[in-house]
Asker: 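Take this structure, written in structure tokens, and hold onto it; I'll ask about it next.
What's counted below: heavy atoms across the whole structure, side chains too, no hydrogens, waters or symmetry copies.
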Amino acid sequence: MSEANTKPRVPAVEGWFSMGAEPALLATRCTGCSTLFFPRETVACRNPACRSTTFDEVPLSRRGKLWSYTTAYYQPPAPYITEGEFKPYSIAAVELEAERMTVLGQVPASFPAESLRVGMEMELVIDRLYEDEENEYVVWKWQPVASQDGGAQ
């Protein structure tokens, strides 16, 4: 087993997603107007017609349709962390039908932009962002749902 596999996996951003066999993004739902927020809201509802300050935690759907995508060919500025030489990566905008919202996320490097198609089904996965001496830091990413023959749908 490599050293990276022995380090604890911890969220790069605490509280934005759950980890485990079926990870999920964690949103908040306003108890006053039922508006969903991701990233989470904890202070006051951002709906101008609502004055609520209480929220329930709600896991979002783990699957959605690829609404759009792009590839970042330039390294983002700090605090973005690069291990070694910067490599372009794709960013997916995935539409969650049940929630009627679109959530951005990176696409794992194992899925090049050429493999992505608008409308394809995507699923949430937890994947490495970077590591330090103590931990492997992970974030959510969107990857194509594998078809039964092993390829992406």
Asker: If you compare all heavy atoms of G119 against all heavy atoms of K65, which two are closest, and at what distance to 0.1 Å?
Answerer: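 Smallest heavy-atom distance, with atoms named: O-CD, 3.2 Å.
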Asker: Tell me every residue that passes side-chain contact (heavy atoms from CB on, under 4.5 Å) with A44, counting only those two or more places apart in sequence or in another chain.
Answerer: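 For A44 the side-chain contact (heavy atoms from CB on, under 4.5 Å) partners, ignoring immediate neighbours, are T53.
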Asker: Any salt bridge (Lys or Arg N to Asp or Glu O under 4.0 Å) involving residues 137-146? Give me the pairs, sequence neighbours left out, ordered by first then second residue.
Answerer: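 Of all non-adjacent pairs touching residues 137-146, those that pass salt bridge (Lys or Arg N to Asp or Glu O under 4.0 Å) are D127-K141.
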Asker: Report all side-chain donor-acceptor pairs from residues 84-91 shorter than 3.5 Å, counting only partners two or more places apart or in another chain.
Answerer:
from: S90; atom 1: OG; to: T71; atom 2: OG1; distance (Å): 3.0

Asker: Report the residues that fulfil salt bridge (Lys or Arg N to Asp or Glu O under 4.0 Å) with R62, sequence neighbours left out, ordered by chain and then residue number.
Answerer: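 R62 satisfies salt bridge (Lys or Arg N to Asp or Glu O under 4.0 Å) with no other residue.
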Asker: Residues two or more places apart in sequence or in another chain: which of them pass ring-ring contact (aromatic ring centres under 6.0 Å, His included) with F38?
Answerer: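 So F38 forms a ring-ring contact (aromatic ring centres under 6.0 Å, His included) with W16, W140.
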Asker: Suppose we screen for side chain to side chain donor-acceptor pair (under 3.5 Å). Which residues come up paired with N47, at least two apart in sequence or across chains?
Answerer: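 With sequence neighbours excluded, N47 shows a side chain to side chain donor-acceptor pair (under 3.5 Å) to no residue whatsoever.
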Asker: Can you name the nearest heavy-atom pair linking A12 to V139, along with the distance?
Answerer: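 Closest approach of A12 to V139: CB-CG1, 3.7 Å.
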Asker: Do Y69 and V125 belong together in a cluster built from hydrophobic side chains that touch within less than 4.5 Å?
Answerer: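 Different clusters.
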Asker: Evaluate the side chain to side chain contact (heavy atoms under 4.5 Å, CB included) criterion for residues W142 and L104: first the C-alpha distance (whole Å), next the side-chain angles of each, then the deciding distance (0.1 Å), finally the verdict.
Answerer: CA-CA 8 Å; W142 295 108; L104 296 176; over 6 Å; no
Asker: What closest approach, in Å, do E134 and P8 show between heavy atoms, and which atom pair accounts for it?
Answerer: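 Taking every non-hydrogen atom into account, O-CD, 3.3 Å.
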Asker: For residues 26-34, dump all side-chain donor-acceptor pairs below 3.5 Å to protein atoms at least two apart in sequence or in another chain.
Answerer:
from: T28; atom 1: OG1; to: E41; atom 2: N; distance (Å): 2.9
from: T28; atom 1: OG1; to: E41; atom 2: O; distance (Å): 3.2
from: R29; atom 1: NH1; to: S34; atom 2: O; distance (Å): 3.4
from: T31; atom 1: OG1; to: T54; atom 2: O; distance (Å): 3.1
from: T31; atom 1: OG1; to: T54; atom 2: OG1; distance (Å): 2.3

Asker: If you look only at pairs with a residue in residues 114-138, which of them pass as a ring-ring contact (aromatic ring centres under 6.0 Å, His included), with sequence neighbours excluded?
Answerer: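 Passing the test, one end in residues 114-138: Y130-Y137.
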Asker: Can you see which heavy atom on T102 is nearest to which on W67, and at what distance?
Answerer: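 Minimum heavy-atom contact is CG2-CE3, 4.4 Å.
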Asker: Other than F37, what residues sit in its cluster of Ile, Leu, Val, Met, Phe, Trp and Tyr side chains whose heavy atoms are under 4.5 Å apart, directly or through others?
Answerer: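 Noted: F37 shares its cluster with F55.
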Asker: Using the salt bridge (Lys or Arg N to Asp or Glu O under 4.0 Å) rule, collect all pairs that involve residues 89-114, keeping only residues at least two apart or in two chains.
Answerer: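 For residues 89-114, and leaving out neighbouring residues, there are no salt bridge (Lys or Arg N to Asp or Glu O under 4.0 Å) pairs at all.
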Asker: I'd like to know if E136 and K7 make a salt bridge, using a cut-off of under 4.0 Å between side-chain N and carboxylate O.
Answerer: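 The answer is no: the pair does not qualify as a salt bridge.
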Asker: Side chain to side chain contact (heavy atoms under 4.5 Å, CB included) for V103 and V94? Distances and angles first, verdict last.
Answerer: CA-CA 5 Å; V103 179; V94 175; 5.7 Å; no
Asker: Tabulate below the donor-acceptor pairs under 3.5 Å that side-chain atoms of residues 17-25 make, not counting sequence neighbours, or state none.
Answerer:
from: S18; atom 1: OG; to: A24; atom 2: N; distance (Å): 3.0
from: S18; atom 1: OG; to: A24; atom 2: O; distance (Å): 3.4

Asker: Considering only heavy atoms from C-beta outward, does the side chain of M101 approach that of L60 to under 4.5 Å?
Answerer: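 Result yes, sub-4.5 Å side-chain heavy-atom pair found.
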Asker: Just so I know, are the side chains of V107 and L116 near enough to count as touching, which here means a heavy-atom distance under 4.5 Å?
Answerer: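 Heavy-atom side-chain distance check passes, below 4.5 Å.
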Asker: Determine whether E121 and E123 make a side-chain contact, defined as any pair of heavy atoms from C-beta on separated by less than 4.5 Å.
Answerer: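 No, every pair of side-chain atoms sits at 4.5 Å or beyond.
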Asker: Return the minimal non-hydrogen interatomic distance between M122 and V145, and the atom names on each side.
Answerer: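 Distance-wise, the nearest heavy atoms are C-CG2, 3.7 Å.
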Asker: Might you point out which heavy atoms bring C50 and S52 nearest each other, and give the distance in Å?
Answerer: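 That would be SG-N, 3.4 Å.
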Asker: List, by chain and number, the other hydrophobic cluster members for Y73, where Ile, Leu, Val, Met, Phe, Trp and Tyr join if side-chain heavy atoms come within less than 4.5 Å, directly or indirectly.
Answerer: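 Members besides Y73, by chain and number: Y74.
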